[in-house]
K.L.:
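This is the structure I want to talk about, given as structure tokens.
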Amino acid sequence: MPTSSSLYFYDTGATCHLLMGAPDVRAVRNTTDVTNLSILSTHDVSIPSGADKPRRLVIARHQKLEALFVVLTPVAGLTPRGCHPATATGLIVQGYAGPIGTFHWIPRQLRDVCFDTGVGRSVVNFGISWPPTSQ
């Protein structure tokens with residue numbers, strides 16, 4: 001059964017064009033705040049998932065755009081090889097605007113997020129979904 005959490009992009013300046021395939025989202029576990037990406041253990045950061053969007057999204061000045069971060073829960077006993085389901089303590093959202101190194105830490109508890117076990121192929125059970133109004 002999927003679970004989701006809303007993410008909002010709010011433009012405080014001139015019209016903003018999100019980059020193609022943006023944002024890049026990673027789930028993080030075992031931490032309560034991220035101020036520097038280099039302090040994170042690779043064991044506690046999920047494989048990145050980009051937004052599957054064929055064109056750049058536009059956010060007008062002082063407008064907001066909602067995106068859903070969706071997690072598909074593995075079926076009990078059928079967890080894919082390479083997936084270690086755990087509770088994420090937050091999300092790192094980046095790659096949506098300049099400068100490229102910009103990121104935001106969003107504290108969110110999401111259960112059953114796949115983290116890489118290092119065995120088999122990498123598995124991702126989450127991603128960004130844009131509501132129909134942004135299509």
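Just so it is clear, the structure is predicted and the values come from calculations on it, not from any experiment.
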K.L.:
Establish whether F69 and V124 are linked, either directly or via other cluster members, by ILVMFWY side-chain heavy-atom contacts under 4.5 Å.
P.N.:
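Yes; tracing contacts between hydrophobic side chains, which count when under 4.5 Å, links both residues.
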K.L.:
Nearest 0.5 Å please: distance from the CD atom of Q109 over to the OG1 atom of T89.
P.N.:
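With rounding to 0.5 Å, CD (Q109) is 7.5 Å from OG1 (T89).
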K.L.:
Using modelled atom types only, decide if a donor and an acceptor are shared between the side chain of D116 and the backbone of T42 within a distance under 3.5 Å.
P.N.:
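Such a contact is absent between D116 side chain and T42 backbone.
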K.L.:
Evaluate the criterion side-chain contact (heavy atoms from CB on, under 4.5 Å) for residue pair Y10 and H62; output intermediate values, then yes/no.
P.N.:
CA-CA 7 Å; Y10 182 74; H62 297 296; 3.4 Å; yes
K.L.:
Any link between V28 and F103 through a network of hydrophobic side chains (Ile, Leu, Val, Met, Phe, Trp, Tyr) touching at under 4.5 Å?
P.N.:
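In one cluster with V28: F103, yes.
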K.L.:
If you look at every heavy atom in C114 and N125, which pair is closest and at what distance?
P.N.:
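Smallest interatomic distance, heavy atoms only, reads N-OD1, 2.9 Å.
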K.L.:
How many angstroms lie between OG1 in T73 and CZ in R111, if you round to the nearest 0.5 Å?
P.N.:
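Between T73 OG1 and R111 CZ, I get 8.0 Å after rounding to 0.5 Å.
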K.L.:
Got a salt bridge between R29 and D44, using NZ or NE/NH1/NH2 to carboxylate O under 4.0 Å?
P.N.:
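The answer is yes: the pair qualifies as a salt bridge.
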K.L.:
What residue among L40, I39, T35 forms side-chain contact (heavy atoms from CB on, under 4.5 Å) with L37?
P.N.:
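When L40, I39, T35 are each tested with L37, the side-chain contact (heavy atoms from CB on, under 4.5 Å) holds only for L40.
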K.L.:
Is there a path of hydrophobic side-chain contacts, each under 4.5 Å between heavy atoms of I, L, V, M, F, W or Y residues, that connects V71 with F115?
P.N.:
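As far as the 4.5 Å side-chain criterion goes, F115 and V71 are connected within one cluster.
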K.L.:
Provide the closest heavy-atom pair for F126 versus V25 in the form atom of the first, atom of the second, distance.
P.N.:
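Here F126 and V25 meet closest at CE1-O, 3.8 Å.
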K.L.:
From the options V113, L110, V34, select the one residue that forms a side-chain contact (heavy atoms from CB on, under 4.5 Å) with L91.
P.N.:
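Exactly one pass, corresponding to L110.
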K.L.:
What's the spacing between K64 NZ and D11 CG if we round to 0.5 Å?
P.N.:
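Answer rounded to 0.5 Å: 13.5 Å.
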K.L.:
Kindly indicate whether the side chain of L68, heavy atoms from C-beta on, has any atom under 4.5 Å from the side chain of S6.
P.N.:
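In contact.
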K.L.:
Please tell me whether I92 and I128 are part of a single hydrophobic cluster in this structure, the criterion being side-chain heavy atoms less than 4.5 Å apart.
P.N.:
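Looking at the clustering, I128 is in a separate group from I92.
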K.L.:
Are the side chains of C16 and F9 in contact, using a 4.5 Å heavy-atom criterion?
P.N.:
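A side-chain contact under 4.5 Å is absent here.
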